[in-house]
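As structure tokens, the structure follows; a few thoughts come after it.
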Amino acid sequence: MDVSAQPLVLLRKPVQFLPCTRSWRRSRARFDGLQRCRAGGADAKSDVKGRPDHEDATPQAPVDVDSPISVEDDVSETIEVGGKTVESTDSRHAAEAPVVRKTFFKSVPVNPPPTYYPSWNQSPGGLIMACAVLVSIRLGRQKSEEDRLDWRTMQLRQEEYLNQNRELVEKRKQYEIQQAETKAAEATKRVAEVERQAKIDAEKEKERLRRYKEEQEKEAARIKAKQEADRLAFKAEEDSMADELAKRTEVEKKIIQEMEAKKKEEDERKRKEEEERQRIEMEKQRAAEEAERKRIEEEKRKKEEERKRIEKMKKKFAVRAEGLVAVVNAPRGKMTRGVLPKEAKISVEVQMQTVLVPEPETLLDFFEGYDQARKRVGDLTGVVARQLADKYTSSVRVQSMASSGPLELMDELELEHWMRRVSIRCELAASQAAEKVLQTHKDGRVREAEEGFEIRSEWGILPKGNEGRTDFLLAKAVDSLLKPNGKNSAKKIILEMAASEATTLSKGLVSSKLNFEILALATTLAHFIDRTMEQKSIEMAEKGNELMQEILQEAVVWAPKDSLAPVSETLTRALGMENSVRAWMTVLADRNLSKATKQLILEQQQLIEAELKAKVMQQEWPDRQELAAARAQEAEDATPVPERVWAMRNVARTLSMGSSLSQAKSLIEKALRLQVEHLETKDHPGVIPALFDYAQVLSKLPGEEQQAQSVWEDVLALVDSVGDRYRKQGDLASAVISWECGVKGTEVVLGERNRLVKRMIQKAESLESALDGEEESKVTALRRSGLSFNTIVSAFTPDLGVYKVPGKTDRLEEWSSGSQLTPL
């Protein structure tokens, strides 16, 4: 049955509107308009949308509405289908039903009622009655609207309609089933259509791919054919170019071969010319070398003839020294010398004598073992050799009183130079003998072993007036110092003299430790420095020292590491501590030390200092046990006083750097008492180092200012006595140095107005004007190097046993014996 062809008559549509929305107001207006259309009459003044257009009653045409009315809840409709009337209450079903044209009409009354204007001049009762009627109408309409728009009421009405129209429901269900079947059939058709269309599309895609593959194959064949044609063309071109290249290569090869042949011929010609030139140059060089060799040989021959002639002219003097080195097992209980005495195992005795010194010079020393003896035997033999040389010098001076002996032909400076060489040769000969006897004693395990030695040291002197004399050559070198560019000529003279003296110095001696050339150069430079000092000129002395340092530094620049230390030690024993050549060689030897040797020396010094400090600390803070205290006392008694005082001073200075000033004070007081007891007087300058440290500690303590000032005055008084002693013995330079050092060390503490400070300043100023040239240069040099109170402290600090040279006296012993003090 075709439902869309049947007219649809809308009888009634109860609607539930959503309040407070624009759609609700629009739907409500449309609904009211429909109701008025149904009822007709004069109230229908609005259109379907409920909006009044005008007030006249002109008829209007019917309005067609194509879309169904939208509602939010169930709608009750009456539908005429095929001559039958069907009532539907489901808005969803209505929405799914086919859309039909619905025709609505507006009925306008022909004669609208006249407008009634009430008279307000009548009685108020009527007005009140009218108002009451209006209010009741309004309240009734409001109630009616509320009942009509209540959703519960509408549901009840819908249920009533449903109960009354069961047949409509059944028909609606059948309609829905029919619609579902129709939709299913349409869906099936659509699916089939989609499948059919998919197959068509697949066929089209397959055909498109087939055509695309065919086109690809055609394009690939075309490209392959083109590439093959290009390859063939390229190959043909390459073959043509290869042929052309081969032809050109062959031509170039021939050209290159021709050029190489020409070049080879040219090179051969040049080679022959170069060989000829070289041969000629070699012949010339050989001739020049031969001429040079002949010239050198001739010069050597002439020099040798001159030397022989000069040697024949020289009057020879010789020192023939004989000696003995004996190694014996040390007696039980004997201790070694040094800061840390230990029980000795062997003793070494060295004896030397000459014809002029018939009484042997003997020195004995004890050692802990063979290694220590080998290291320190040089000190033993060097001291004995120097003492022998000094006594031989005294004997030569006695001979000169009888107008005989070497001093008839040489001066004191040359005699001293000869004796230095004698001392070095005797020391080396005795050291060689000591090495042998120590090895014999060690290998043979005997109680006593001896080894004798003999050494001869010659010195030739030319007649007076001869330009080859040593004093003449050195005087010429000294005079050259003040001339422009005279340093080179002086250097040449010194180097030639050192080279000639190196042979005689090493004659008959073998030593793997010593460099005889540097040793001979140092002794020659020492003789040169003596000659410059003899001039009593500050400028001459300074230039001489500069030249000496320059020559020595150039000579040792290539010396192997640790090779200059033995040279420095030998020069120290032969030249003495005050010699400037010895001092500069010591500096060079220190620079020459390897890192390993420096580290070893530092570790040994630190070990000795640590052991000494441990001893001192043990004395200051002894163990609680009486046995430990007795052991400490025994060790203290075995340690020499200078070493104990030195160690206590070091510990006291360390404590004074911190907050332990009271402990430092008690420790330095103990060291001071020990030093005074050792020297048997408090007026001895040997007390100056400990007293100086005591004054410094007191200056740091609060409340000890007066005692500190008193101690500073005691220190200054001792320095004043040292200056007086030097002045009495005629050493004015040392006296001035002593007073200046004392003033610099105490004027800050005591002030310039102190009586002792004033007196020492006056003494120094009065003596300074009386200094001669040499003394003035010495004072000036020391001032430039920096004078301080430490100069006096170092001068009167006793040498420790480990560093003390056997047989050498220090200033403390010289003061005690009343002999002349060593200059500062």
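- Taking CG from Asn488 and NZ from Lys483, the interatomic distance works out to 13.5 Å, rounded to the nearest 0.5 Å.
- When the shell of 6.0 Å around CZ of Arg271 is examined, it contains more than 12 heavy atoms from other residues, nucleotides or ligands.
- Between the side chain of Thr440 and the backbone N or O of Lys436 there is at least one donor-acceptor pair closer than 3.5 Å.
- Environment of CD in Glu467: sparse, with no more than 12 heavy atoms of neighbouring residues, nucleotides or ligands closer than 6.0 Å.
- Across all their heavy atoms, Thr597 and Leu593 have their closest contact at CG2-CD2, 3.9 Å.
- Counting heavy atoms from C-beta on, the side chains of Gln399 and Leu356 come closer than 4.5 Å.
- The environment of NZ in Lys491 is crowded: more than 12 heavy-atom neighbours from other residues, nucleotides or ligands sit within 6.0 Å.
- In summary, the side chains of Thr586 and Arg582 do present a donor paired with an acceptor at a separation below 3.5 Å, with no hydrogens or angles considered.
- Asp530 contributes no side-chain N or O that, together with a main-chain N or O of Leu413, makes up a donor-acceptor pair within less than 3.5 Å.
- No donor-acceptor pair under 3.5 Å is formed between the side chain of Asn545 and the backbone N or O of Ser580.
- No side-chain donor from either of Gln549 and Gln553 sits under 3.5 Å from a side-chain acceptor of the other.
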**Study point:** Leu521 vs Leu552, side-chain contact (heavy atoms from CB on, under 4.5 Å): CA-CA, chis, key distance, verdict
**Key:** CA-CA 8 Å; Leu521 178 60; Leu552 276 182; 4.3 Å; yes
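- Rounding to the nearest 0.5 Å gives a distance of 8.5 Å between CD of Gln372 and CD1 of Ile346.
- Listed here is the closest heavy atom pair of Thr504 and Arg425: O-NH1, 3.1 Å.
- Between Leu564 and Leu588, the shortest heavy-atom distance links the atoms CD1-O, 3.9 Å.
- The structure places OG of Ser489 at 7.5 Å from NZ of Lys476, a figure rounded to the nearest 0.5 Å.
- How far CD of Glu238 is from CG of Leu245: 10.0 Å, rounded to the nearest 0.5 Å.
- Counting heavy atoms from C-beta outward, Leu482 and Met540 have side chains that approach closer than 4.5 Å.
- In this structure the side chain of Glu322 never reaches within 4.5 angstrom of the side chain of Met352, judged on heavy atoms.
- Between the side chains of Glu501 and Thr524, a donor-acceptor pair is found at a separation under 3.5 Å.
- Using a 4.0 Å cut-off between a side-chain N of Lys or Arg and a carboxylate O of Asp or Glu, Glu289 and Arg286 do not qualify as a salt bridge.
- Tested against Arg277 for a side-chain hydrogen bond (donor to acceptor under 3.5 Å, both in side chains), the candidates Glu281, Glu275, Glu273 yield a single pass: Glu281.
- Ion pairing between a basic and an acidic side chain is recognised when a charged N comes within 4.0 Å of a carboxylate O; Glu283 and Arg279 show such pairing.
- Contact check on Lys224 versus Glu228 returns no salt bridge, with no Lys/Arg side-chain nitrogen under 4.0 Å from an Asp/Glu carboxylate oxygen.
- Within 6.0 Å of CD in Glu458 there are more than 12 heavy atoms belonging to other residues, nucleotides or ligands.
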Check your understanding: Between Arg420 and Glu416, is a salt bridge (Lys or Arg N to Asp or Glu O under 4.0 Å) present by the stated rule, with each step listed?
Key -> CA-CA 6 Å; Arg420 289 168 182 168; Glu416 176 62 23; 3.4 Å; yes
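- In this model, no donor atom of one side chain and acceptor atom of the other lie less than 3.5 Å apart for Gln439 and Glu435.
- Side-chain contact of Arg531 with His527: a donor-acceptor pair under 3.5 Å is present, judged by distance alone.
- The closest side-chain donor-acceptor pair between Ser457 and Arg320, if any, does not fall under 3.5 angstrom.
- Residues Val348 and Arg376 have side chains not in contact (no heavy-atom distance under 4.5 Å, counting atoms from C-beta outward).
- The two residues Lys598 and Asp590 come nearest to each other via the heavy atoms CE-O, 3.5 Å.
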**Study point:** Derivation of the salt bridge (Lys or Arg N to Asp or Glu O under 4.0 Å) call for Lys253 and Glu250
**Key:** CA-CA 5 Å; Lys253 187 176 180 180; Glu250 188 67 26; 5.5 Å; no
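- In this structure the side chain of Met577 reaches within 4.5 angstrom of the side chain of Thr572, judged on heavy atoms.
- Remark: Leu575 CG to Arg386 CZ distance equals 8.0 Å, nearest 0.5 Å.
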Check your understanding: Which is it for Glu265 and Arg269 under the salt bridge (Lys or Arg N to Asp or Glu O under 4.0 Å) test, yes or no, and what are the steps along the way?
Key -> CA-CA 6 Å; Glu265 293 176 358; Arg269 183 184 63 79; over 6 Å; no
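- Tyr392 and Trp418 have perpendicular rings, their planes meeting at more than 60° on a 0 to 90° scale where under 30° would count as parallel.
- Between Ser423 and Leu388 there is no side-chain heavy-atom pair separated by less than 4.5 Å.
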Review point. Run the salt bridge (Lys or Arg N to Asp or Glu O under 4.0 Å) check on Lys226 and Asp230 step by step: do they pass?
Key: CA-CA 6 Å; Lys226 184 176 182 303; Asp230 292 343; 3.2 Å; yes
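- Residues Ala555 and Ile518 share a closest heavy-atom pair of O-CD1, 4.3 Å.
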Check your understanding: Yes or no on side-chain contact (heavy atoms from CB on, under 4.5 Å) for Leu438 and Phe367, after CA distance, side-chain angles and deciding distance?
Key -> CA-CA 12 Å; Leu438 284 171; Phe367 300 98; over 6 Å; no
Exercise for review: Take Trp459 and Leu415 through the side-chain contact (heavy atoms from CB on, under 4.5 Å) test and state the conclusion after the steps.
Suggested key: CA-CA 9 Å; Trp459 188 254; Leu415 177 62; over 6 Å; no
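- Asp243 has no carboxylate O lying under 4.0 Å from a charged side-chain N of Lys247, or vice versa, which leaves the two without a salt bridge.
- By the 4.5 Å heavy-atom criterion applied to side chains, Asn579 and Trp584 are not counted as neighbours.
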Exercise for review: Please lay out, stage by stage, how Gln351 and Leu363 fare under the test side-chain contact (heavy atoms from CB on, under 4.5 Å).
Suggested key: CA-CA 7 Å; Gln351 294 181 3; Leu363 192 59; over 6 Å; no
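- The distance from the CZ atom of Arg573 to the CG atom of Leu380 is 10.0 Å, given to the nearest 0.5 Å.
- Inter-residue side-chain proximity for Met497 and Leu474 is flagged as met; some heavy-atom pair is nearer than 4.5 Å.
- Looking at every heavy atom in both residues, Ile461 comes nearest to Pro406 through CD1-O, 4.2 Å.
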